Amino acid sequence: MFPEVADSSPLLQNLNPEQRAAVALPNEHALILAGAGSGKTRVLTTRIAWLLATGQIGPGNVLAVTFTNKAAKEMMTRLGAMLPVNVRGMWIGTFHGLCNRFLRAHYKLAALPQAFQILDTQDQLSAVKRLMKQHNVDEERFPAKELQWFIAGCKEDGLRPNMVEVKSEEDRRKVEIYQLYEEQCQREGVVDFAELMLRAYEVLRDNDPIREHYQRRFHHILIDEFQDTNKLQYAWIKMFAGPGNSVFAVGDDDQSIYAFRGARVGNMADFVREFSVRHQIKLEQNYRSYSNILDSANQLISNNKTRLGKNLRTDQGAGEPVRIYEAPTDMAEAQWMVEEIRHVVRGGGPDEGVSRNEVAVLYRSNAQSRVIETALFNAAVPYRVYGGLRFFERAEIKHALSYLRLLENPNDDTSFIRVVNFPARGIGARSVEQLQDAARTVGCSLHDAVTATTGKAGANLAAFVAKIDTMRAQTEGLTLREIMEVMLQQSGLLDHYKAERDGADRVENLEELVNAAESFVTQEGFGRDAVALPVDELGGGAILRQSPASQGLDPSLPEVHEPAPDYVPPDAETGETLSPLAAFLTHAALESGDNQANAGQEAVQLMTVHSAKGLEFDCVFVTGLEEGLFPSERSMSDYEGLEEERRLMYVAITRARKRLYLSYSQTRLLHGQTRYNVKSRFFEELPEHAVKWLTPKNQNFGGSAFGYGMGYPSTRGGYQRESIASPPVPVQKAEPTHGLRQGMKVFHTKFGEGTVLTLEGQGLDARAHIQFPRHGAKWLALSVAKLTPVN
DNA sequence: AGGCCTTCGAGTCTT
DNA sequence: TCGAAGGCCT
């Protein structure tokens with residue numbers, strides 16, 4: 001099926017035929033459909049290594065793109081382990097990291113200051129808010145979040161304000177704000193994440209020599225997680241894909257779970273069509289899971305209609321069955337899980353104890369972690385929750401970075417506002433507003449507008465600006481570490497937090513920031529993302545013509561210029577390098593840092609299914625598998641949404657190597673209300689031979705076809721529990737005392753006559769699920785509801 | 001300027 | 001229900 005590769009490179013050893021074929025493909029466009037656990041990263045890195053090792057290309061001829069810093073790092077580490085090559089100098093990185101590198105090199109063409117700052121999502125939102133206040137935009141009608149989303153969405157579709165289709169007065173207003181936002185960013189010399197991509201794309205699009213240069217340079221373009229690319233990223237890739245080079249796209253349409261943030265799986269099909277891709281290779285051999293787990297994943301995902309089609313297989317045996325557990329409440333579900341985890345970790349019997357690090361608890365939404373955390377905490381089981389605030393997103397860190405940014409660029413109004421009165425120095429909202437008005441009238445930055453202010457407030461402002469300016473002078477020529485220390489002292493941040501009652505953590509974080517800067521300088525060489533690269537070996541001689549638009553008045557206009565016949569390699573354009581400080585600030589924006597540092601103790605891993613993508617664990621719990629939760633209520637309305645939920649479930653299942661638990665609860669406390677849930681429809685989509693119900697599989701009259709709220713949680717009682725651990729909630733076996741039976745007709749004063757579907761609980765907890773013809777199925781507490789049996 | 005109270009919202013995430 | 005965020009009061 002795959003032509004045996006007549007290449008004896010040791011790199012190709014230990015690869016299966018499909019992998020080998022992918023790695024040693026000829027220099028043509030290719031799409032690799034890499035299933036979960038099929039060695040995707042391995043193929044990607046080995047492909048690069050093989051191209052280099054066989055002498056087909058040099059390190060400078062590769063462009064490899066990922067989504068996350070983690071993936072990029074892993075690729076570099078693995079490549080570095082395969083070949084003695086300086087991976088740092090190579091163009092391997094995230095979309096945004098590479099765009100940043102590109103824009104620093106071509107900052108003039110991009111109409112940006114060389115030391116432009118990058119706004120993260122928080123900064124962007126506050127920039128939008130600030131702008132809206134200034135222009136009296138009604139926050140009721142146009143929530144800042146919505147506008148932020150609108151702006152990002154436009155950019156990700158490659159649309160500048162003048163290109164957005166306006167269908168209503170609302171649209172017109174939004175576009176107007178978008179335009180104002182752009183002007184504000186331009187004025188302040190800052191770019192948001194989407195802007196990094198869009199600006200880089202436009203420079204390539206509008207400058208033939210630049211584009212052609214990179215096309216000549218990058219013989220091979222490799223993309224990881226191609227199913228997650230958005231419209232703009234795909235367009236960006238196309239800019240590099242010239243006539244002579246090849247695009248090697250690796251992805252898995254079944255793991256496309258980011259449509260909600262603009263990812264277009266359709267890019268895969270478009271790629272095949274537009275690039276006339278002749279080589280499509282499926283990696284279906286899975287090296288991760290036992291076949292019960294894999295069969296479950298395969299059967300589940302086969303329910304999706306829009307697929308390129310792929311089936312995972314494994315050489316490992318069936319393994320343990322997939323265990324399914326039904327709990328009466330979310331608390332009981334968590335309790336059961338804790339017991340099960342303890343058992344799994346302890347080992348015993350034929351089982352070996354599993355490290356806690358190898359146990360993952362997955363859920364659909366972050367809110368679900370709470371109950372689980374409580375249960376783990378009470379049982380003193382160490383755990384670690386992913387998600388939440390990352391290091392560089394913490395308030396004290398953002399404050400410190402704002403001061404640093406002001407040293408680098410006094411016109412950064414976002415940073416100015418953030419710290420002008422922090423620590424407090426008598427500059428209230430009033431004064432800031434007046435300053436903003438003054439700045440707007442003159443058309444200058446807040447920093448520059450300070451001289452125009454008067455009175456007491458003016459004096460305070462002047463003192464602040466003087467402080468910043470002094471600091472800038474003081475820190476000139478100092479090392480990054482020294483700059484940081486001066487800043488922390490002079491700004492008063494350190495003293496402020498030291499004086500604060502609960503400020504110890506924050507002080508610690510600030511100290512950690514100094515360390516981060518230190519290690520950035522020494523280990524990272526502080527330039528991977530930001531500093532000019534070595535001169536391109538492909539370049540020619542002279543000077544690159546400066547286009548008129550690069551003076552930077554309207555970035556939305558295509559840059560027009562004569563083709564530059566003589567031509568310098570773009571990378572060489574920047575003989576200037578970025579200061580360590582500017583480089584560090586870039587680093588801080590592009591790499592938001594880990595969310596939790598204490599990796600010391602072995603701990604159970606808690607995370608959403610989304611953040612589990614790409615990871616694997618010996619033992620996985622997927623919890624809260626209930627209609628409305630997983631699949632989530634908000635995705636259930638349309639078919640595409642449901643398919644994405646199913647892919648999400650597919651991702652969840654395929655995380656497990658050896659043991660997989662799926663659980664759900666009949667009731668769950670959500671938004672302060674008890675919700676009665678039906679088990680997820682996904683259970684119906686699993687192969688019976690591969691699963692084992694730890695609790696009796698409940699009857700389901702028509703299953704999910706009846707829709708939400710119509711399911712039939714099982715009656716509990718009198719069954720043999722298979723689960724290893726003893727049940728935290730004792731199984732109730734006593735006879736009911738309320739005199740109702742399943743199937744009985746009852747009368748309710750409000751809902752009328754109905755049929756008892758299910759009964760459960762005892763005494764005051766006793767409740768019944770009753771089907772009323774007019775009002776649908778209701779759960780009623782028998783101690784409250786007035787029910788009379790009807791004949 | 002800082003603390004208290006009301007209000008709102010509640011999905012998944014990376015750069 | 002719970003948390004954050006914004007407004008209002010002192």
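Here is the naming used below: chain letters follow the sequence lines, and residue numbers restart at 1 for every chain. Fair warning: this is a prediction, and the values are worked out from it, not measured in the lab.
Nearest nucleotide to the side chain of A:Phe260, out of B:dT14, B:dC13, B:dA10: B:dC13. Ranking B:dA1, B:dA10, B:dC13 by closeness to the A:His610 side chain, first place goes to B:dC13. Taking only side-chain atoms of A:Ala424, from C-beta outward, the nucleotide of C:dG3, B:dT14, B:dA1 with the closest atom is B:dA1. Counting only heavy atoms from C-beta on, A:Ser365 has its side chain closest to B:dG11 among B:dG11, B:dA1, B:dT15.
Atoms CZ (A:Phe392) and P (B:dC13) sit 21 Å apart, rounded to a whole Å. Note: CZ (A:Arg675) to P (B:dA10) measures 14 Å, nearest angstrom. Rounded to an integer number of Å, the gap from CD1 of A:Ile118 to P of B:dT14 is 17 Å. Atom-to-atom, CG of A:Leu389 to P of B:dC13 comes out at 13 Å; the value is rounded to the nearest Å. Note: NE2 (A:His496) to P (B:dG2) measures 8 Å, nearest angstrom. Rounded to an integer number of Å, the gap from A:Asn366 CG to C:dC2 C1' is 15 Å. The distance between atom CE of A:Met636 and atom P of B:dG11, rounded to the nearest whole Å, is 16 Å. Rounded to an integer number of Å, the gap from A:Phe67 CZ to B:dC13 P is 16 Å.
The residue A:Asp192 sits apart from the nucleic acid: no heavy atom pair falls under 4.0 Å. Counting non-hydrogen atoms under 4.0 angstrom, A:Ile427 reaches the backbone sugars and phosphates but no base. Using a 4.0 Å heavy-atom criterion, one finds that A:Glu645 contacts the bases of the nucleic acid, with or without backbone contacts as well. Nucleic acid contact for A:Thr68: sugar-phosphate only, since backbone atoms but no base atoms lie under 4.0 Å from a heavy atom of the residue. Counting any heavy atom pair closer than 4.0 Å across all strands shown, A:Ser611 reaches sugar-phosphate atoms only and no base atom. Within 4.0 Å (heavy atoms only), A:Lys129 reaches sugar-phosphate atoms of the nucleic acid but no base atom. Using a 4.0 Å heavy-atom criterion, one finds that A:Asp120 contacts no nucleic acid atom at all. Backbone-only engagement by A:Tyr258 is indicated by non-hydrogen atom pairs under 4.0 Å involving sugar-phosphate atoms exclusively. Counting non-hydrogen atoms under 4.0 angstrom, A:Arg364 reaches a base of the nucleic acid.
The side chain of A:Asn69 contributes an N or O atom lying less than 4.0 Å from OP1 or OP2 of B:dT15. Side-chain N/O atoms of A:Asn100 include none lying less than 4.0 angstrom from OP1 or OP2 on B:dT15. Between A:Arg390 and B:dC13 there is no side-chain N or O to OP1 or OP2 distance below 4.0 Å. Dashed line: the shortest gap from a side-chain N or O of A:Arg261 to OP1 or OP2 of B:dG11 is not under 4.0 Å. The shortest distance between the side-chain N/O atoms of A:Thr94 and the OP1/OP2 oxygens of B:dT14 is not below 4.0 Å.
Mapping A:Ser632 and A:Lys70 onto DNA chain B via the closest heavy atom, the residue that lands nearer the 5' end is A:Ser632.
The closest donor-acceptor contact from the side chain of A:Arg655 to the backbone of A:Val651 lies under 3.5 Å.
Ion pairing between a basic and an acidic side chain is recognised when a charged N comes within 4.0 Å of a carboxylate O; A:Lys398 and A:Asp123 show such pairing. By the 4.0 Å N-to-carboxylate-O rule, A:Glu333 lies close enough to A:Arg668 to be salt-bridged with it.
Atom OG1 of A:Thr414 sits about 10.0 Å away from atom CD of A:Gln124, to the nearest 0.5 Å.
With P as the reference atom, B:dT14 and C:dG3 are 22 Å apart, rounded to whole Å. A distance of about 22 Å separates the P atoms of B:dC13 and C:dC2, rounded to the whole Å. Spacing between B:dT12 and C:dA5 at atom C1', rounded to whole Å, works out to 23 Å.
A cation-pi contact, defined as under 6.0 Å to the ring centre and within 45° of the axis, links A:Arg384 to A:Tyr386.
Looking only at side-chain heavy atoms (C-beta outward), A:Leu585 and A:Glu408 come within less than 4.5 Å of each other.
Donor-acceptor pairing under 3.5 Å, judged by distance alone, is absent between the side chain of A:Thr608 and the base of B:dG11.
Note: A:His610 and A:Tyr258 have tilted aromatic rings, judged against thresholds of 30 and 60 degrees for the angle between ring planes.
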